[in-house]
Protein chains: 2
Amino acid sequence: MNTETLANLFKALSEPIRLRILALLLEKGELCVCDLVGTLNLSQSVTSRHLAYLRNNNIVTARREGVWMYYQLTHYAQSELKPLFNFIQQNIAHNKEIQTDLANVGKTARC
Amino acid sequence: MNTETLANLFKALSEPIRLRILALLLEKGELCVCDLVGTLNLSQSVTSRHLAYLRNNNIVTARREGVWMYYQLTHYAQSELKPLFNFIQQNIAHNKEIQTDLANVGKTARC
DNA sequence: AAATTATATTTGCCTAGGCGAATATAAGCA
DNA sequence: TGCTTATATTCGCCTAGGCAAATATAATTT
């Protein structure tokens, strides 16, 4: 991996909203966009753009099921980035915001 | 750690030049600015600004010795961020650019 | 086909932060 | 006190990427 690639990875993770999405996917495995919109309490547009950013950086992948799009971590992310994600989880798992997010998944789905 | 703090940390690491500086400090422990300018082959201004960014994010600390400024990782970074730095090292240590940097330290000092 | 729902993308606006060039500061020395 | 060297900071310019609002697309239903 060259420094530019690694820098781009960190840039993809340098946004609170994207870290919250990541934390949710790490715990839940796969989530629908409407779950994320409801849980994160963000506009559809903002949520979708951040997901696109993560997609473009090969961190998440999307699967369509009817009208719904389900997102999960890419195989690449799940394997190669595991140590990095462990670091992230250990550092934000106890955060109140993250715990609230996790508690809200499923209860706040918008669709 | 909240998501904003973690995001700021990743933003600090989302620059190839700052990653190269980090890789050098991880290997060498402490380096003078002029070493970095020579090794990275960057202008003094660019190098200094990136070091300031790392300083402002509590990743490096500076010590003056006469005219020279010596930089090293903060205690905080050396302890709390160790797992993250291990990930970084494992992912870029074999990179040609990084190895060239390491080989050049000391040989290219500008002062 | 038209309407509805879920999601993605575009547009306009604004800020952070990149760079080079210039300038400021700090230390050491003649 | 100047002069030189090392380093830091500022300025002007430019791009990436944040947001909200609007619009486009894709699937489903009637």
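Computed from a predicted structure; not experimentally measured. Side chains are part of it too, since the values below use all heavy atoms of this structure and drop only hydrogens, waters and symmetry mates. Chain letters run A, B, ... following the sequence lines, proteins first and then strands; every chain starts at 1.
For B/Glu4, the CD atom counts as loosely surrounded, since its 6.0 Å shell holds 12 or fewer non-hydrogen atoms of other residues, nucleotides or ligands.
Once rounded to the nearest 0.5 Å, the distance linking CD of B/Gln89 with CG of B/Leu26 reads 4.5 Å. Between the CG atom of B/Leu42 and the CZ atom of B/Arg20 there is a distance of 6.0 Å, given to the nearest 0.5 Å.
The main-chain N or O of B/Tyr76 is found under 3.5 Å from a side-chain atom of B/Ser79 such that the two form a donor-acceptor pair. Side chain of A/Ser48 to backbone of A/Gln44: no donor-acceptor contact under 3.5 angstrom is found. Proximity of a side-chain donor or acceptor of A/Arg18 to a complementary backbone N or O of A/Ala12 within less than 3.5 Å is detected.
Remark: C1' of C/dA8 and CG of A/Leu36 are 15 Å apart, rounded to the nearest angstrom. The distance between atom CG of A/Asn8 and atom C1' of D/dA16, rounded to the nearest whole Å, is 11 Å. Look at CG on B/Asn57: it is 13 Å from C1' on C/dA16, rounded to the nearest Å. Separating the CG atom of B/Leu51 from the P atom of D/dA6 is a distance of 16 Å, rounded to the nearest angstrom. For the pair B/Asn56 CG and C/dG17 P, the interatomic distance rounds to 10 Å; values are reported in whole Å. Protein atom OH of A/Tyr53 is 15 Å distant from nucleotide atom P of C/dT9, rounded to whole Å. Atoms CH2 (A/Trp68) and P (C/dT4) sit 17 Å apart, rounded to a whole Å. Summarising the geometry, the separation between CG on A/Asp35 and C1' on C/dT5 is reported as 15 Å, rounded to the nearest angstrom.
Contact check, A/Arg63 against C/dT7: no side-chain N or O comes under 4.0 Å of OP1 or OP2. Phosphate contact (OP1/OP2 of C/dA6, side-chain N/O of A/Tyr71, threshold under 4.0 Å): absent. Taking 4.0 angstrom as the limit, A/His50 places a side-chain polar atom (N or O) nearer than this to OP1 or OP2 of D/dC19.
Here A/Phe10 pairs with B/Phe10 under the ring-ring contact (aromatic ring centres under 6.0 Å, His included) rule; sequence neighbours left out.
Note on B/Leu24: it does not cluster hydrophobically with B/Trp68, by side-chain heavy-atom contacts below 4.5 Å among ILVMFWY residues.
Between A/Val46 and A/Lys11, it is A/Lys11 whose nearest contact on DNA chain D lies nearer the 5' terminus.
Across D/dT9, C/dT9, D/dT7, the shortest atom-to-atom separation from the side chain of B/Ala52 is found for D/dT9. Across C/dT9, D/dT7, C/dG18, the shortest atom-to-atom separation from the side chain of A/Arg49 is found for C/dT9.
End-to-end axis angle of the helix from C/dA1-D/dT30 to C/dA30-D/dT1, from C1' rotation axes over five pairs per end: 0° (rounded to 10 degrees).
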* Spell out protein contact along nucleotides 22-30 of chain C as letters: B when the base is contacted, S when just the sugar-phosphate is, - when no protein heavy atom is under 4.0 Å; keep the 5' to 3' order. => ----SSS--
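Looking at heavy-atom distances under 4.0 Å, B/Tyr70 makes no contact with the nucleic acid at all.
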* **Residue pair B/Asn2, B/Thr5: steps toward the side chain to side chain donor-acceptor pair (under 3.5 Å) verdict** => CA-CA 5 Å; B/Asn2 61 37; B/Thr5 303; 2.7 Å; yes
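When side chains are defined from C-beta on, A/Ile59 does not count as touching A/Thr74, because their heavy atoms never get closer than 4.5 Å.
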